[in-house]
Amino acid sequence: PYVVTDLCSGCRYTECVTVCPVECFHVDERMTYIDPDNCIDCGGCAPICPVGAIQADFLLPADKQAWIGINRERAALTPVLTQRLPPLPGAPALPQGAGGGG
Ligand code: SF4
């Protein structure tokens, strides 16, 4: 499955939920998480994340592999998110035209 990493934390642009065909995404007050049992590895979410927070599990560098377990644990404890939310106040500004589309 795909995995949301710490780059999402405090940012949470939630572009990912607009492309996921199977409602994988869960959310808390800081970031999103992917339910690994629902993810069908379509790959749609990774390129659309404006901060590059999402990666296939087998491509994660060693220092990000803890996020595989964190996504599984947090997805089980948090509600499904199916619509975009406003980014968090601390989210980095994006170049014009990025992130706001679809
Ligand atoms: Fe959803 Fe596809 Fe991303 Fe998996 S890879 S979380 S199915 S958009």
Side-chain angles (χ1 to χ4, degrees):
Y2 279 62
V3 175
V4 187
T5 69
D6 56 319
L7 292 174
C8 184
S9 183
C11 183
R12 209 185 65 179
Y13 277 109
T14 63
E15 300 293 332
C16 46
V17 306
T18 68
V19 299
C20 183
V22 289
E23 300 188 356
C24 285
F25 284 93
H26 292 242
V27 68
D28 67 10
E29 68 285 353
R30 291 187 304 124
M31 61 181 283
T32 63
Y33 307 92
I34 291 170
D35 179 345
D37 295 328
N38 279 353
C39 178
I40 58 172
D41 283 321
C42 77
C45 54
I48 206 170
C49 176
V51 298
I54 305 175
Q55 186 62 271
D57 56 359
F58 64 90
L59 293 176
L60 286 172
D63 66 347
K64 301 277 192 211
Q65 289 191 0
W67 287 93
I68 297 172
I70 294 169
N71 274 244
R72 177 178 290 280
E73 290 166 16
R74 292 299 297 160
L77 295 171
T78 52
V80 173
L81 181 70
T82 58
Q83 294 189 311
R84 285 190 66 205
L85 297 173
L88 293 173
L94 295 176
Q96 189 171 11

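Just follow the structure's listing: the first ligand is 1, and inside any ligand the first atom is 1. Computed from a predicted structure; not experimentally measured.
Of all protein N, O or S atoms, those under 2.8 Å from atom 1 (Fe) of ligand 1 number 1.
Here V3 sits in one hydrophobic cluster together with Y2, V4, V17, F25, V27, M31, Y33, I34, I54, L60, W67, I68, I70, L81, L85; the rule is ILVMFWY side chains under 4.5 Å apart, joined directly or through other members.
Every side chain to side chain contact (heavy atoms under 4.5 Å, CB included) that D63 has, sequence neighbours left out, goes to P61. The side chain to side chain contact (heavy atoms under 4.5 Å, CB included) search around E73 returns none, not counting sequence neighbours.
Contact annotation: the side chain of R72 approaches that of D37 to within less than 4.5 Å [non-hydrogen atoms, C-beta and beyond].
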* Under the side-chain contact (heavy atoms from CB on, under 4.5 Å) criterion, do C45 and C20 qualify, and how do the steps go? -> CA-CA 6 Å; C45 54; C20 183; 5.7 Å; no
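Short contacts between ligand 1 and G43, defined as distances under 4.0 Å to a heavy atom of the residue, involve ligand atoms 2 (Fe), 5 (S).
Atom CD of Q65 has more than 12 heavy atoms from other residues, nucleotides or ligands within 6.0 Å.
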